[in-house]
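For reference, the structure discussed in these notes is given below.
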Amino acid sequence: MKPEGDFQQATYAVVARIPKGRVMTYGQIAALCGHPRAARVVGQIAHFGPEYLPWHRVVKKDGQLASGYSYGGKEAHRRSLETEGVVVIDDKIESIDKYIWWPAG
DNA sequence: CCGTTGACCCTTC
DNA sequence: AGAAGGGCCAACG
């Protein structure tokens with residue numbers, strides 16, 4: 001096997017573990033991968049990441065949706081979140097702090 | 001191997 | 001409260 005990057009695999013694993021109706025910030029995912037400052041890398045991986053992963057559950061720390069959501073734009077991003085019960089207003093998640101999920105609980 | 005890039009985060013004005 | 005700049009880290013050419 002040729003490890004193309006443990007960080008990528010770790011990111012995929014973390015994103016895949018985000019439960020329905022919850023969201024995570026890039027910083028958190030990066031931290032879980034072992035690099036709390038590598039939020040940018042998570043973004044890059046996310047853009048080229050597999051479509052079967054719930055990238056719509058990954059948002060900024062402010063709760064604002066991603067900038068270049070490749071799978072239908074912010075409109076699709078917002079609908080996906082609302083479908084899971086997340087309230088999105090003006091391309092931003094309302095009370096993001098309530099929807100933030102952490103693997104510890 | 002070195003340089004550039006990016007779906008970010010934090011501090012300061 | 002909003003806007004601007006710098007820093008950080010890994011993947012890609």
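Every heavy atom of this structure was used, including side-chain atoms; hydrogens, water molecules and symmetry mates were not. This structure is a prediction, so every number in the text was calculated from the model and none was measured. So that the names make sense, note that chain A is the first sequence line, chain B the second, and so on, each numbered from 1.
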Using whole Å, report how far [atom1] of [X] lies from [atom2] of [N].
X	N	atom1	atom2	result
A:Ile93	B:dA7	CD1	C1'	13 Å
A:Phe7	C:dA11	CZ	P	8 Å
A:His47	B:dC8	NE2	P	11 Å
A:His56	B:dA7	NE2	C1'	14 Å
A:Met24	B:dC8	CE	P	16 Å
A:Ile45	C:dA11	CD1	C1'	8 Å
A:Phe48	C:dA10	CZ	P	19 Å
A:Gln8	C:dA11	CD	P	6 Å

Kindly say whether [Y] contributes a backbone atom to a donor-acceptor pair with the side chain of [X] at under 3.5 angstrom?
X	Y	result
A:Arg22	A:Trp101	no
A:Trp55	A:Pro50	yes
A:His77	A:His56	yes

Exercise. For B:dC9, does either OP1 or OP2 sit under 4.0 Å from a side-chain N or O belonging to A:Lys61?
Worked result: no
Exercise. Are OP1 or OP2 of B:dC8 and a side-chain N or O of A:Thr25 less than 4.0 angstrom apart?
Worked result: no
Exercise. To the side chain of A:Gln44, which of B:dG6, C:dC9, B:dA7 is closest?
Worked result: B:dG6
For this session: Counting heavy atoms from C-beta on, name the nucleotide in B:dC9, C:dC8, C:dA10 closest to the side chain of A:Arg37.
Result: C:dC8
For this session: Would you kindly check whether a donor in the side chain of A:Arg40 faces an acceptor in the base of C:dG7, or vice versa, at under 3.5 angstrom?
Result: yes
For this session: Decide yes or no, distance alone: a donor-acceptor N/O pair under 3.5 angstrom between the base of B:dA7 and the side-chain of A:Tyr69.
Result: no
For this session: Describe the nucleic acid contact of A:Ala39 in one word from base, sugar-phosphate, nothing, applying a heavy-atom distance below 4.0 Å.
Result: sugar-phosphate
Exercise. Contact class for A:His35 vs. all strands (heavy atom < 4.0 Å): base, sugar-phosphate, or nothing?
Worked result: sugar-phosphate
Exercise. Between A:Lys60 and A:Asp62, is there a salt bridge with N-O shorter than 4.0 Å?
Worked result: no
For this session: List the steps, then state whether side-chain contact (heavy atoms from CB on, under 4.5 Å) holds for A:Tyr26 with A:Val41.
Result: CA-CA 9 Å; A:Tyr26 296 94; A:Val41 183; over 6 Å; no
